[in-house]
K.L.:
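Can you keep this structure in mind? I'll have questions shortly.
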Amino acid sequence: MAVIREVIAVMSSLSVGYIRNPLADWFWFILLPPLAIGFALLSEAWLSFVALASVNLWITVPHHFGTWCRTYGLREDWQRFRSRVVIGPIVIVLAVLSGLVWAPLTIFLVTMLWDHQHSVMQQHGLARIYDFKAQAGGPQTGKLDLWLNIVLFVNHLVTVPLWTEIWVQQCYTWRLPIDAPTVQMIQAFSYLGTGCFVIYYLLQLSQAIKSGYKVNPMKYAFLLSSYALWYYAGWHTDSILVYGVAHRIMHGLQYLVIVYWFLERKHATSSTKPWMLPKLNVWFFAIVGLAYSLAFQLLLLKPLSDFGFGLPLLPASPSTDAIAINRSYEIYAATLIASTALIHYYFDSFIWKIRDEKTQQGL
């Protein structure tokens, strides 16, 4: 009987809320990660490593364009964040230029760590939107969700074979003494800490339910799908191509979708229209984003054949064909893609605060 009462209490606490609507949410936030994994596995089987660069051009670079539209496209945000969106990029560019001259390893580490933190915060932010939409969660839910994301993501970096190989190799590069038993001990402690926190989280969730707070099941379906992608990609293969393609499809497309919905709502509810996209529709948004990607590629003097996912749709480029496909190049390519996103990370650290009323109006 006690179990039945618990089940009834949980069911009565459910409050389903969608960012857009059931069909859109299920496709973009629940089903997209496994679809991304499927595409990544097909890329590994049938395409060359240039597929990672192609995904970068088709999705990652346009999703940076989405940030520029979100940051600079709304006059109200421009007025509120003017100093940060003008001074911040200048400081970041100068810091990167200085770092590349005097401390390239530091720039590499900062870029990699900020990229990981940014990934965690995007999933956490979307989870917060789900609670906002369903009017779910208690006073401590936001902090608990943040730590849940951090713990799960760090554990995956520490324990999955793909990332273990990288951080162990880095320890050897830094001449840090490490052997197999030490690695196993670190991973065991990571699993133990993660398990303890998950138990603590579930106990807090149970207490919140007993206190009358609502729970949005869509939030947990979304988080489960996201972390299933990261863990599966890291455990299934040691290829950065599979992990990179799957991650960038999930991360980039989900970001583009939320930006478009945000701007669309601003178009419908605000008297001040987004000036960067005054005639907003999904096709116009996509075409302008791809045009931005093309311009970005041309400015970098990179081959247009990268748009073809390694297929002979465009003339082959010696600059890409001559590159040896090895572990060092995979890491280099992933690092290069992340490095171009530093300003994007910076903007996202303050333009998407869910507690901001202006942000809530767009959601």
K.L.:
Linking I/L/V/M/F/W/Y whenever any side-chain heavy atoms sit under 4.5 Å apart, do Phe81 and Ile92 land together?
P.N.:
yes
K.L.:
Quick check: are there more than 12 heavy atoms from other residues, nucleotides or ligands sitting under 6.0 Å from OH of Tyr191?
P.N.:
yes
K.L.:
Would you find a donor on one side and an acceptor on the other, under 3.5 Å apart, between the side chain of Asp306 and the backbone of Ala53?
P.N.:
no
K.L.:
Take Asn56 and Val61 through the side-chain contact (heavy atoms from CB on, under 4.5 Å) test and state the conclusion after the steps.
P.N.:
CA-CA 6 Å; Asn56 184 53; Val61 174; 3.9 Å; yes
K.L.:
Counting distance only, does the side-chain N/O of Ser293 pair as donor-acceptor with the main-chain N or O of Pro62 below 3.5 Å?
P.N.:
no
K.L.:
Judged by atom type as modelled, is there a donor-acceptor pair below 3.5 Å linking the side chain of Trp167 to the main-chain atoms of Val158?
P.N.:
yes
K.L.:
What closest approach, in Å, do Ile249 and Ala36 show between heavy atoms, and which atom pair accounts for it?
P.N.:
CG2-CB, 3.7 Å
K.L.:
If you count heavy atoms of other groups shown closer than 6.0 angstrom to CH2 of Trp147, is the number above 12?
P.N.:
no
K.L.:
Ring centres of Phe65 and Trp68 under 6.0 Å apart?
P.N.:
no
K.L.:
Tell me whether the centres of the aromatic rings in Tyr243 and Trp163 are closer together than 6.0 Å.
P.N.:
yes
K.L.:
Looking at Ser225 and Ala221, would you say the former's side chain and the latter's main chain have a donor-acceptor pair under 3.5 Å?
P.N.:
no
K.L.:
Measure the NE2-CG distance between His124 and Leu146 for me, rounded to the nearest 0.5 Å.
P.N.:
4.5 Å
K.L.:
Any donor and acceptor pair, going by atom type alone, linking the side chain of Tyr346 with main-chain N or O of Arg84 inside 3.5 Å?
P.N.:
yes
K.L.:
Check the orientation of Phe347 and Tyr72. Use parallel for under 30°, tilted for 30 to 60°, and perpendicular for over 60°.
P.N.:
perpendicular
K.L.:
Taking C-beta and beyond as the side chain, do Leu224 and Tyr220 meet within less than 4.5 Å on heavy atoms?
P.N.:
no
K.L.:
Do you know which two heavy atoms are closest between Pro217 and Ser15, and how far apart they sit?
P.N.:
CD-O, 4.1 Å
K.L.:
Check Ile209 against Val215 and note the closest heavy-atom contact, atom names and distance.
P.N.:
CG1-CG2, 3.8 Å
K.L.:
What's the separation between atom OH in Tyr130 and atom CG in Leu223, rounded to the nearest 0.5 Å?
P.N.:
10.0 Å
K.L.:
Please examine the side chains of Val242 and Leu162, heavy atoms only from C-beta on, and report whether any two atoms are closer than 4.5 Å.
P.N.:
no
K.L.:
So do Ile258 and Trp261 actually touch side chain to side chain, heavy atoms under 4.5 Å?
P.N.:
yes
K.L.:
What I'd like to find out is whether the side chain of Phe39 reaches to under 4.5 Å of the side chain of Leu35, using heavy atoms alone.
P.N.:
no
K.L.:
Over all heavy atoms of both residues, which pair between Gln254 and Phe29 is shortest? Give the atoms and the distance, please.
P.N.:
NE2-CA, 3.6 Å
K.L.:
If hydrophobic clusters are built by linking Ile, Leu, Val, Met, Phe, Trp and Tyr wherever their side-chain heavy atoms come under 4.5 Å apart, do Phe284 and Val282 end up in the same one?
P.N.:
yes
K.L.:
Nearest heavy-atom pair of Pro33 and Leu229: which atoms, and what distance?
P.N.:
O-CD1, 3.4 Å
K.L.:
For Asp145 and Asp131, run side-chain contact (heavy atoms from CB on, under 4.5 Å): C-alpha distance rounded to whole Å, both residues' side-chain angles, the deciding distance at 0.1 Å, then the answer.
P.N.:
CA-CA 11 Å; Asp145 282 354; Asp131 274 349; 3.7 Å; yes
K.L.:
Give a yes or no on whether Leu304 and Ile287 share a hydrophobic cluster (residues Ile, Leu, Val, Met, Phe, Trp, Tyr; joining criterion: side-chain heavy atoms under 4.5 Å apart).
P.N.:
no
K.L.:
Assess whether side-chain contact (heavy atoms from CB on, under 4.5 Å) is satisfied between Val85 and Phe350, documenting all intermediate values.
P.N.:
CA-CA 10 Å; Val85 300; Phe350 61 86; 4.0 Å; yes
K.L.:
Does the side chain of Gln207 come within less than 4.5 Å of Ser211's, by heavy atoms?
P.N.:
yes
K.L.:
Taking the six-membered ring for Trp, are His156 and Tyr231 parallel (under 30°), tilted (30 to 60°) or perpendicular (over 60°)?
P.N.:
tilted
K.L.:
For Arg355, does its backbone N or O pair with a side-chain atom of Thr359 as donor and acceptor, under 3.5 Å?
P.N.:
no
K.L.:
Between the main-chain N or O of Leu57 and the side-chain N or O of Gln297, is there a donor-acceptor pair closer than 3.5 Å?
P.N.:
no
K.L.:
Looking at Trp352, is Arg70 sitting on its ring face, NZ or CZ under 6.0 Å from the six-membered ring centre and within 45 degrees of the normal?
P.N.:
yes
K.L.:
Contact between Val154 and Thr194 at the side-chain level, heavy atoms closer than 4.5 Å - yes or no?
P.N.:
no
K.L.:
Near Leu202 CG, under 6.0 Å, is it more than 12 heavy atoms from other residues, nucleotides or ligands?
P.N.:
yes
K.L.:
What distance do Glu264 atom CD and Arg20 atom CZ have between them, rounded to the nearest 0.5 Å?
P.N.:
4.0 Å
K.L.:
Indicate, with yes or no, if the rings of His344 and Tyr255 have centres closer together than 6.0 Å.
P.N.:
yes
K.L.:
Group every Ile, Leu, Val, Met, Phe, Trp and Tyr by side-chain heavy-atom contacts under 4.5 Å, then state whether Phe189 and Val183 land in the same group.
P.N.:
no
K.L.:
Say whether, by atom type as modelled, one donor and one acceptor occur between the side chain of Trp58 and the main chain of Phe307 under 3.5 angstrom.
P.N.:
yes
K.L.:
Quick check for you: to the nearest 0.5 Å, what is the distance between Ile351 atom CD1 and Lys353 atom NZ?
P.N.:
11.0 Å
K.L.:
How many angstroms lie between CD1 in Ile354 and CD in Gln360, if you round to the nearest 0.5 Å?
P.N.:
7.5 Å
K.L.:
Honestly curious: do Tyr292 and Trp283 fall in one hydrophobic cluster under the side-chain, below-4.5 Å linking rule?
P.N.:
yes
K.L.:
Would Lys133 and Asp25 pass as an ion pair if we require N to O under 4.0 Å?
P.N.:
no
K.L.:
Kindly compute the distance separating CE (Met250) from CD1 (Ile59), expressed to the nearest 0.5 Å.
P.N.:
12.0 Å
K.L.:
So, Thr182 side chain and Ile178 main chain: donor-acceptor pair closer than 3.5 Å or not?
P.N.:
no
K.L.:
Relative to each other, are the rings of Phe153 and Tyr227 parallel, tilted or perpendicular (30° and 60° limits)?
P.N.:
perpendicular
K.L.:
With heavy-atom distances below 4.5 Å as the criterion, would you say the side chains of Phe222 and Lys219 are in contact?
P.N.:
no
K.L.:
What's the shortest heavy-atom distance between Glu44 and Leu241, and which atoms?
P.N.:
N-CD2, 3.8 Å
K.L.:
Okay, side chain of His116, backbone of Leu113: is any donor-acceptor separation there less than 3.5 Å?
P.N.:
no
K.L.:
Dump the intermediate steps for side-chain contact (heavy atoms from CB on, under 4.5 Å) on Met121 and Asp348, then the final yes or no.
P.N.:
CA-CA 9 Å; Met121 293 308 296; Asp348 276 6; over 6 Å; no
K.L.:
For a 4.5 angstrom cut-off between non-hydrogen side-chain atoms, does Arg248 reach Leu52?
P.N.:
yes
